[in-house]
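Notes follow once the structure below has been shown.
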Amino acid sequence: RSVVTAASSSPAVATTATDVPGTMKAWAYEEYGDASVLKLDEAVSVPAVGEDQVLVRVAAAALNPVDSKRRMGKFKATDSPLPTVPGYDMAGLVVKVGSQVKSLKEGDEVYGHISEKVLEGPKQFGSLAEYTAVEEKLVALKPKSIDFAQAAGLPLAIETAHEGLERAGFSAGKSILVLGGAGGVGTLVIQLAKQVYGASKVAATASTPKLELLKSLGADVAIDYTKENFEDMPEKYDVVFDAVGQGEKAVKVVKEGGSVVVLTGAVAPPGFRFVVTSDGSVLAKLNPYLEAGKVKPVVDPKGPFPFSQVVEAFSYLETGRATGKVVISPV
Ligand code: NDP
């Protein structure tokens, strides 16, 4: 028996001839806990498609630290009800469209982060499933130059990188220090700062084996955090982007009047924290940079993990040592 039944609140809409089954395979958990609560359920109801939504046959999905935090029950109070099919990031094929959908049609290849708010009422039926329903406005057409696995790793991380840079008022000619430059978010902050915003100088931190990667992504300075403390170095930056949880140290190296973006952990003035909002128009805006190869997806070389190995993939992500994105493909 399936542990999950689809929400009945979203109005189902008529479809064309597409042959979507009634049930699907999905990873799900009925209680909060470590990765062992995840079970592969062979018969989860395929989610109903709301009038502003599309149903996507997921080709690839990606994991984010917030999936782990959610599964551990860290934001129970605002989470969707259990049981949960986790997963925010996906790339796949549109197989059904709601009646109000204007810009997408069956057969379109899309990618996106499926929950507009990550912490407040995220979707109960996420992307670690064969099908997921998502609002049209949260997805964009997949750049043709990248495959589904590469695309799946982008949405939440690139939207976070973009929103953080926007909120910090980043612009051409400014300098930036990226703490955690080799992670899912950091690899994209480096590239957006350099390629999209025209940074004058990009510095980033990582451990010794990852310094070359930082350089290859466009960092002018790669700081080995196992050998040097960035907060003791003389250089000051217009913006510090903290993807590690070092907010208290980060504020020591920002210029007077500069901004410190903090994604996790403690924050001291003038630092600020925010939580990413999913937005397909951000993906559409960045698509030309992806198409041109100016911004490149970084998929962790231990993956992509097949759909059967989601537990192993989460265990790896939770070491905190992933390089770029932990991707699940094929789904
Ligand atoms: P990842 O799991 O991808 O980060 C892993 C990377 O972090 C590794 O490459 C590791 O490199 C690096 N790292 C770990 N410790 C350090 C350190 N002390 N200095 C420099 N690098 C370090 O995480 P994400 O990039 O996906 O997310 C980063 C954090 O931001 C998470 O806590 C996440 O929950 C949060 N987040 C918050 C969002 C928001 O909206 N507020 C949105 C997205 C993410 P190495 O092996 O070299 O140590």
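Starting from 1, each residue takes its place in the sequence as its number. Numbering of ligands and ligand atoms starts at 1, following listing order.
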key: Contact (N/O only, under 3.5 Å) between Val66 and ligand 1   = no
query = Quick check: does Lys210 get an N/O under 3.5 Å from an N/O on ligand 1?
reply = yes
query = Do the side chain of Ser259 and the main chain of Ala168 share a donor and acceptor less than 3.5 angstrom apart?
reply = yes
request  = For Glu212, look at atom CD and say whether over 12 heavy atoms of other residues, nucleotides or ligands are found less than 6.0 Å away.
outcome  = no
remark   = The atoms of ligand 1 lying under 4.0 Å from a heavy atom of Ala182, numbered in the order shown, are 9 (O)
query = Below 4.0 angstrom, N of the basic side chain to O of the carboxylate: do Arg57 and Glu106 qualify?
reply = no
task = Please determine which of Asp108, Leu104, Val49 meets the side chain to side chain contact (heavy atoms under 4.5 Å, CB included) test together with Val54.
result = Leu104
query = Under 3.5 Å, is there a donor-acceptor pair between the Tyr316 and Asp300 side chains?
reply = yes
query = What about Ala322: any of its N or O atoms under 3.5 Å from an N or O on ligand 1?
reply = yes
Option passing side chain to side chain contact (heavy atoms under 4.5 Å, CB included) with Val185 (candidates Leu156, Ile158, Thr160) = Thr160
note = Nearest heavy-atom approach of Ala250 to Val260 is CB-CG1, 3.8 Å
ask   = Who gets closest to atom 28 (C) of ligand 1 by heavy atom: Gly181, Ala157, Ala243?
value = Ala243
key: Polar side-chain atom of Glu159 near backbone of Val276 as donor-acceptor pair, under 3.5 Å   = no
ask   = Nearest protein heavy atom to atom 44 (C) of ligand 1, by residue and atom, and its distance?
value = Val185 CG2, 3.9 Å
query = Got an N/O contact under 3.5 Å between Ser207 and ligand 1?
reply = yes
query = Got the closest protein heavy atom to atom 27 (O) of ligand 1, with its distance?
reply = Pro65 CG, 3.8 Å
query = Nearest heavy atom to atom 10 (C) of ligand 1: which of Gly180, Gly320, Pro209 does it belong to?
reply = Gly320
message = Does only the side chain of Leu156 get under 4.0 Å from ligand 1, or the backbone, or both, or neither? Count heavy atoms.
response = side chain
ask   = Is the His162 ring parallel, tilted or perpendicular to the Tyr197 ring (thresholds 30°, 60°)?
value = tilted
note = One finds that the ligand 1 atoms under 4.0 Å from a non-hydrogen atom of Thr264 are 32 (O)
ask   = For atom 48 (O) of ligand 1, what is the nearest protein heavy atom, given as residue, atom name and distance?
value = Tyr225 OH, 2.4 Å
message = Polar contacts were defined as any N/O atom of the residue lying under 3.5 Å from an N/O atom of the ligand; does this apply to Gly184 and ligand 1?
response = yes
key: Residue and atom name of the nearest protein heavy atom (relative to atom 40 (O) of ligand 1), distance in Å to one decimal   = Val276 N, 2.8 Å
request  = For ligand 1, find out whether one of its N or O atoms is nearer than 3.5 Å to an N or O atom of Lys69.
outcome  = yes
key: Nitrogen or oxygen of Ala206 less than 3.5 angstrom from that of ligand 1   = no
